[in-house]
Structure formats: structure tokens, C-alpha cells
There are 2 protein chains.
Amino acid sequence: MSRQAPTLEDVAREAGVSRATVSRVINGVRSVDPALQDVVRQAIERTGYAPNRAARSLVTRRTETVALIVSGAGDVADEDENAFTAQVFADPFFGRVVTGVVAHLRPRSMHPLLMFADSARTRQQALNDLRQGSADGALVVSTHADDPLPALLADAGVPTVLFARPSRPVPLSYVDLAHRDGARMAAEHLLDRGCRKIVTVTGPLGVSASQERLAGFRDTMARRGHPYVPVAEGGFTLDSGMAAMSDLLAEHPDVDGVFAANDLMAQGVCQILRERGRSVPDDVAVVGFDDSAAAVACRPPLTTVRQPVEEMASVMARLLTEHIQGVRTEPTSVIFDPELVVRASA
Amino acid sequence: MSRQAPTLEDVAREAGVSRATVSRVINGVRSVDPALQDVVRQAIERTGYAPNRAARSLVTRRTETVALIVSGAGDVADEDENAFTAQVFADPFFGRVVTGVVAHLRPRSMHPLLMFADSARTRQQALNDLRQGSADGALVVSTHADDPLPALLADAGVPTVLFARPSRPVPLSYVDLAHRDGARMAAEHLLDRGCRKIVTVTGPLGVSASQERLAGFRDTMARRGHPYVPVAEGGFTLDSGMAAMSDLLAEHPDVDGVFAANDLMAQGVCQILRERGRSVPDDVAVVGFDDSAAAVACRPPLTTVRQPVEEMASVMARLLTEHIQGVRTEPTSVIFDPELVVRASA
DNA sequence: GTGAAAGCGCTAACAT
DNA sequence: ATGTTAGCGCTTTCAC
């Protein structure tokens, strides 16, 4: 920031035209004499001009930025906020969301503004930032079912798209996965390969995806003659998967099939199984969920239910840009189909 | 965005004061009659006023935002850009950077604007965005030593702080780790526990951290009487660690100690070792680097060299905010000390 | 096709 | 302590 940055005015003077003309050239308005366009472009080059974003935003009312908000329900104490962000990134899931979002945004010269809303304070701040126009809209990934943020954003009239259907209806667009179908695939695969004693490690039950996966799993099991399925609740982390499997194994030593609600927990399940001398998949078959990097990293590689997170996130971003541009006005939902990926663990 | 948002003017009218007074109340300027402050605050409440960020930025020349740029050196083809972002997030490293950055930014009501600069096109775009004032400064995490972006940002006068020292000197602040010291610790630990045939899996040698770790490792080995250390180059990924270990094992079946330049590769090393029937640490001791989530997830848990990524990232963010505020003007470097974390693998 | 001029909503001198 | 006023740099009618 050595000297004062050149403005439109400077370029106009240099090119011998009016500010309006320079502005037109920059914004690609057709009705400018090609010869003049060249003159202007050279003047821009010579002056090293770069348009001022704030000034432009003030009049266009666009920032070319969208907020990507990772939102929790709870009232995390202020001092625990960092633990939240650390945990969010421990799961490969969030990285995939970013990848998908960026894939859509990048060709449009937009960037995501990263926000975390895990306490009352940070939630309020995120809401304020959006109301102040820090971003043109919001992409919200909630880690809990009863997240209050979506409703707040909807009330504030902020264009918003959610990852996952909100537990209470909110007039917002969202993308989601047919979790029940995915869980059904897992159950059928386990059953079809001859497992008799099947258990499941669920995700945190405060997350609707966890509930759906559990419900779908139970449904199918019941339909296939297994009314009772032992359950242990995990927290979508590796550790919690290990703990859950330990418990399950203690109560049901004869287990021969496990469905874990995500790959990270499935990985923990496999580790415990191996430590206890059970071979996967020979003694116990294990099916995960997500098809994340953990599925491939796991020994043995996981048979899992694929959730196309990147595509879902891309579509989420697309819906948002459409809402922002006004080409889409009604809330829309897009539900993706899961897919069974068979590897070695089951 | 139902009806027109209220402006300062509206609040002023509602409160029966001037715009300036409302502005003062909002910005916490002391010299306002407490009684009037209340009146104004109520008017704000009633009107549901939220200050317009763009308008404020235009005059303050601040966006309260910093760019967090993940930057590659190469000319990635456009169609491979998504692969880059996907790979970046596969390593827990980047999540830790975000965590540390956010820890510093959040209390200051700032947010990171995420950018990827992995091709000539995206690098140019990132530079443009900064020149246009999309953010007040940039935090750059380069994945390659000869990344041209830092120099470009320095030339453009954009306040910038780097994670890792640039290969060619650039007048910018940076944080880094004493990689050589870390590698030395790894070598000494392996030597001290009696390993005789030690090999190393390096990171991609286009990354200066990889070179430093290798150099430090070799130095110490040489000093302790081992002039020759078999080397295989990896790419900081799990797969590459597996491949490298396979090669090493084929050529040096008598290996009894491995230093891998990051935990993800160390995990791959352990997997290959187990598949080949070698016990870790009894037959072969393995030391990783980073102390990331992978170190704990690995079986056995990894002995590793801790890199305090979160703190480094926090300090990086602090340096940047200081540069932006102008309280720090000279480029500064902060070098962190690594620490050996002994777990089960060595 | 091009220019003149009116704001966008805010902050910060300056005046009182 | 408060109000008046002059911009910040841009886009966009509206004339020509």
C-alpha cells in the first residue's frame, strides 16, 4: 500500500474519456466503440488500476461472496469454541463440503467466507454479518438437528441453502441424502452375506442424519425378520466408534455384522475388532457410511454407503447462487441417492 | 430481503438526532450523552437497523476480512483444480491451520475468506481480489517451495504473512517450524532405541519443509556414524507412504527403523509393514511427523514429532492483523520448536 | 456511443 | 457534546 491507488477518475483522465465509459469497458457493456475500448484498456494497464470492491458493492449490493457457516445447536461456552472448529475439521466430511462448494463458486469468481456458529454469541455474530451484507447469502452445515440459525436467517431474509433438511420446517432450500435408503442397503448387504447377529453404531442422535440412518437400518432388519438390533451411540469420531464397539462386543460376543453410521467410526470398530482377535470380514463384517478418505485408509478397506458430499455441496452452492440472482425464488430441495460401495470389510 | 433496509438516516430521524450521532453510538465513540445513546439504541432496535458493510468499508478502507490462500506452485490444468482442493483437505494439516487462524480472528470479529491459487488463472484471480480490496490482507499456505504468489502479493503491497519461509527471500513475515531440529529428534530417538538399519520416507522434495526434514535427518544420522540413509520420496499422502515403504522394503529387507516426514505417510508405512508380517515397533520402529489426528488414529499410535500447527496459524493471523493495523511494519519471522511425542510405534 | 450527474450509506473533519 | 458537510469510488439513469 505504498501510494494512493488509482481510481476510475484517474483512468478516465489518462484515457481521455469519462468515468462512465471506463466503467462500461470494465463491466463489459457492449455499447462501447472497440477503438475506445482499447484506449481504455491501455490506460488501465498503464495506471495499474484495480476497481474498488467496496465502492462497487455499495451500488450493486453484491459482494460476490457467500458465507459458509458451520453451525452447532448448542450453547458452547466461549472457551470451547476452538474445540468445536478442531473437531469439525477432524472429520473428512467438512473438507469434502468445502471442495464441492469451491468447485461451484470458483468459476464464478466467488469465494466462501468461513464462519463458525457454535455458541449464542457467534451465532448472533454470523447473523449480524449477513444482515450487514458481508456476504450475498449463506450456506449452512448444521451439526445438530435443532440448530436455530436457519430460522433466524430465513426471518432476516438472507438467501440461504442448508446441507440437510432442518428438523423443524423452515422456508429454505436444502440438499440432503436419502439416508434411510442408504441404511437399507447396508442392512441388506450384511443380511445377504449371511450375518446372523448384527449390531449398529449410530451417530449422535441429536443429528437427524443419525436418526434416519438408524431408522432405515432397523426398518429393514425388522422386515427381514430381525426385530431387535443392539445399538450403541457414537459421536461420528474414531474414538467414539472404538468405545461403542467395545461395549457392543462385551454384551454380544457372538456379533458377526456391524453397521457404523460413518466411516470414521467404522474404522474405530475395525481397530477394536482386530485388537480383540476378530478378523474383518471373516469373523465380523463391517459396513460404514460416507465413503470418505477413512474408508480407503482403513484396514481392511471399508465396504460403505457412498454419500456424494462434493456433488451435494456443489448443488447447494448452485441453488444459493440461483436464489441470489433471483432466477430461483421458491425453496427447493434436492435429495441424493446413496450407493453401496463394496470393498473388503463386508 | 423483503423491503428496503433501513439506513443511518432512518435511525437518525427516528431518534431525532443527526446521522453523525447515530454513527458515533454504533462505533462506540465516547463523547455521546448517555441519555441520547439510549434513545439511539432504541431507535436502532425499533427500525431493525444493520449498518451497511460496503458503505463502511468504502470510507474506512477495511473489510474486517482476511484471505486464507492455499497456494500451489504449479500450473495445474483448470480441470484438475478440484483435485487440488480435495487433496488439500485430505490432510488433517489444513484443518488445523483453519482452526488456529479462526481462533485468532474470531474474537476480533473477522472471518477468513477462503481462496485457492493452484493454477496461473486462480493465482491471478486471488491477486486481483486482494488488490481490489476484497480482504485486508492475506495468509498464505504454500504447498510448493517455488510458489510465485508471495512475491506477487509483496509487490502489490498487500499485507501478507506466510506459513513457512519462502524459498526465495521475500519481504514478508512468516511463521515456520525448526524442521531440522524435529528431524534430528526423530533420528536420535530411532538410534537411541537401537535401530541399526534406518530408512526414511520424505515428503515431496519440491516442498522446503520436506527438504529440511530430510537434511536434518541425514545430518544427525551422519554425525552418529550412518553416512548413508536409504530414501524414498512420498507425497504426504497415505498411499504414497505405502508405496514408498514397499519400495524400501524390497531393497532393504533388513530395515528396523523408519522416519516418515508426516503422520499420514507413517500410517501408510505401518500398514505395509503389518501386511508384510513385520511388527511395529518390535520388528520395525516408525516415527512420524506433525502429531496430527492420523498419529492417534494409527495402529499402533505413532511416536511422532509434534508441529504446533494451530499455534503457528494463530500467530500467523496475529502478525497479519498487526501489519494491517500498522502496529507492526517490519517483516517478522517466528520459528517454533518441534517436540518429540513418544507413543507406541517407536 | 458517450458524457454529466445523481446517488449508494457511511465516516470524519470541521464548525458550533 | 452534537450537527453539518464533504467526500469514499463506483454504477447507472438520463440527456445528448
Problem - salt bridge (charged side-chain N to carboxylate O under 4.0 Å, His left out) partners for Arg13(B), two or more places apart - result: Asp10(B)

Exercise for the section: Mind listing the residues from residues 23-37 of chain A sitting with a heavy atom below 4.0 Å of DNA chain C? Number order is fine. Expected result: Arg24(A), Ser31(A), Val32(A), Asp33(A), Leu36(A)

Handout entry: Of all pairs that satisfy ring pair (Phe, Tyr, Trp, His ring centres under 6.0 Å), the ones with a partner from residues 113-163 of chain B, not counting sequence neighbours
Key = Phe93(B)-Phe163(B)

Handout entry: Where at least one partner belongs to residues 19-30 of chain A, residue pairs that pass salt bridge (Lys or Arg N to Asp or Glu O under 4.0 Å), sequence neighbours excluded
Key = Glu9(A)-Arg19(A)

Problem - All pairs passing salt bridge (Lys or Arg N to Asp or Glu O under 4.0 Å) where residues 35-46 of chain A contributes a residue, at least two apart - result: Glu14(A)-Arg46(A)

Completion exercise
CD of Gln125(B) to CG of Asp129(B), rounded to nearest 0.5 Å, is 5.0 Å

Practice task
Run the numbers on Leu172(A) and Tyr174(A) for side-chain contact (heavy atoms from CB on, under 4.5 Å), then give the verdict.
Solution key: CA-CA 7 Å; Leu172(A) 294 176; Tyr174(A) 63 86; over 6 Å; no

Completion exercise
With a 4.0 Å cut-off (strictly under) to non-hydrogen atoms of chain A, the first and last hit nts on DNA chain C, 5' to 3', are dG1(C) to dG9(C)

Completion exercise
Hits for side chain to side chain donor-acceptor pair (under 3.5 Å) against Arg56(B), two or more places apart or cross-chain, chain-then-number order -> Asn27(B)

Handout entry: Residues touching DNA chain D, which here means a heavy atom under 4.0 Å, drawn from residues 55-65 of chain B
Key = Leu58(B), Val59(B), Arg61(B)

Exercise for the section: Taking the side chain as every heavy atom from C-beta outward, state whether Glu64(B) and Ser109(B) have any pair of such atoms under 4.5 Å apart. Expected result: no

Problem - Side-chain (Asp136(B)) to main-chain (Val66(B)) donor-acceptor, under 3.5 angstrom - result: no

Completion exercise
5'-most to 3'-most nt of DNA chain D touching chain A (<4.0 Å, heavy-atom partner on protein side) reads dG9(D) to dT13(D)

Problem - Net bend of the helix from dG1(C)-dC16(D) to dT16(C)-dA1(D), end axes of five pairs each, nearest 10 degrees - result: 30°

Problem - Test item: Arg131(B) and Asn128(B) side chains (from C-beta on) under 4.5 Å apart, heavy atoms - result: yes

Handout entry: Residues which pass side chain to side chain contact (heavy atoms under 4.5 Å, CB included) with Arg328(B), listed by chain and number, not counting sequence neighbours
Key = Arg318(B), Leu319(B), Glu322(B), His323(B), Thr332(B)

Exercise for the section: Answer yes or no: is there a donor N or O on one side and an acceptor on the other, between the side chain of Ser142(A) and the main chain of Asp147(A), under 3.5 Å? Expected result: no

Completion exercise
The correct set of residues in residues 8-20 of chain A placing a heavy atom under 4.0 Å from DNA chain C is Val17(A), Ser18(A), Arg19(A), Ala20(A)

Practice task
State whether the side chain of Arg61(A) and the backbone N or O of Ser57(A) hold a donor-acceptor pair below 3.5 Å, judged by distance alone.
Solution key: no

Practice task
Applying side-chain contact (heavy atoms from CB on, under 4.5 Å) between Leu130(A) and each of Leu152(A), Ile69(A), Thr160(A), report the one that passes.
Solution key: Ile69(A)

Handout entry: Polar side-chain atom of Ser173(B) near backbone of Ser333(B) as donor-acceptor pair, under 3.5 Å
Key = no

Problem - Ala43(B) backbone acceptor or donor facing Thr47(B) side chain under 3.5 Å - result: yes

Practice task
Examine the side chains of Asp146(B) and Ser167(B) and answer whether a donor and an acceptor come within less than 3.5 Å of each other.
Solution key: no

